[in-house]
Amino acid sequence: MRTALRLRQSSDFARVRQEGKVYRHRVMLLSLRDNGLPGNRYGFVVGKHVGAAVSRNRCKRRLRALIDSIHDCVGQGFDIVIVARPAILQQPYSELQRIVSVLFQRAQLLKVG
């Protein structure tokens with residue numbers, strides 16, 4: 001994922017958390033907020049409750065790959081934060097794809113067509 005597409009500042013994460021809309025699933029949370037920019041920026045939160053460093057990094061790599069695969073189909077102009085829950089480790093990649101699609105559809109971010 002390109003650096004321009006990433007949320008890096010803790011203030012940006014806090015702003016999305018405080019002012020954004022949250023969509024929940026048993027495996028992950030999706031928070032989003034308008035950013036006033038022409039494109040989206042993505043951030044990932046994978047806390048220590050998910051597992052050891054190896055597990056957390058694997059989880060982040062999988063989430064980045066999922067977002068890369070659907071980025072072109074997503075409406076633009078949002079800051080999006082995905083927060084992983086411990087149940088994410090037991091999910092196969094195909095199930096994570098389905099869950100991310102469901103959350104983006106609930107948020108009405110996927111372009112149809």
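This structure is a prediction, so every number in the text was calculated from the model and none was measured.
Remark: of the listed residues H71, R64, R6, H71 is the sole one forming a side chain to side chain donor-acceptor pair (under 3.5 Å) with Y42.
Hydrophobic cluster membership is shared by Y23 and L96, with clusters built from Ile, Leu, Val, Met, Phe, Trp and Tyr side chains linked at under 4.5 angstrom. In the hydrophobic clustering of this structure, L110 groups with L32; members are Ile, Leu, Val, Met, Phe, Trp, Tyr whose side-chain heavy atoms approach within less than 4.5 Å, directly or through other members. A single hydrophobic cluster is not seen to contain both V83 and L5; linkage of ILVMFWY side chains at heavy-atom distances under 4.5 Å, directly or through other members, places them apart. Residues L103 and Y93 share a single hydrophobic cluster, defined by chaining ILVMFWY side chains whose heavy atoms lie under 4.5 Å apart. Using a 4.5 Å cut-off between side-chain heavy atoms of Ile, Leu, Val, Met, Phe, Trp and Tyr, with links allowed through other members, I80 and V27 fall into the same hydrophobic cluster.
For R17, the CZ atom is loosely surrounded, since the number of other residues' heavy atoms within 6.0 Å does not exceed 12. The 12-atom threshold is exceeded at CD of Q90, counting heavy atoms of other residues, nucleotides or ligands nearer than 6.0 Å.
Although no hydrogens or angles enter the test, the distance criterion places a donor-acceptor pair under 3.5 Å between the side chain of Q76 and the main chain of V74. Distance alone, capped at 3.5 Å, is enough to place a donor-acceptor pair between the R106 side chain and the R24 backbone. Judged by distance alone, with hydrogens and angles left aside, the side-chain atoms of D34 form no donor-acceptor pair with the main-chain N or O of F78 at under 3.5 Å.
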- [ ] Starting from the C-alpha separation in whole Å, work towards a yes-or-no answer on side chain to side chain contact (heavy atoms under 4.5 Å, CB included) for N57 and K60.
- [x] CA-CA 5 Å; N57 289 330; K60 286 185 275 190; 3.5 Å; yes
Open item on the list: Checking V46 against R58 for the side chain to side chain contact (heavy atoms under 4.5 Å, CB included) test, could you report, in this order, the C-alpha distance in whole Å, the side-chain angles of both residues, the deciding distance, and whether it holds?
Closed with: CA-CA 10 Å; V46 184; R58 180 173 186 251; over 6 Å; no
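Taking CD of Q18 as the reference point, atom OG of S11 lies at 10.5 Å (rounded to 0.5 Å). Separation of atoms CD (Q91) and CD1 (I99) is listed at 5.0 Å; rounding is to 0.5 Å. Here the straight-line distance linking atom CZ of R56 with atom NZ of K48 works out to 6.0 Å at 0.5 Å rounding. Within the model, atoms CG of L66 and CZ of R98 stand 12.5 Å from one another, a figure rounded to the nearest 0.5 Å. For the atom pair CD1 of I82 and CZ of F104, the computed distance is 5.0 Å after rounding to the nearest 0.5 Å. Rounding to the nearest 0.5 Å gives a distance of 15.0 Å between CD of E19 and NZ of K21.
Minimum heavy-atom separation, V22 to S31: CG2-OG, 3.6 Å.
Residues forming a ring pair (Phe, Tyr, Trp, His ring centres under 6.0 Å) with H25 (at least two apart in sequence, or on another chain): none. With sequence neighbours excluded, the residues forming a side chain to side chain contact (heavy atoms under 4.5 Å, CB included) with R41 are L7, D12, N35, L37, D79, listed by chain and number.
A heavy-atom distance below 4.5 Å is not found between the side chains of R62 and I88.
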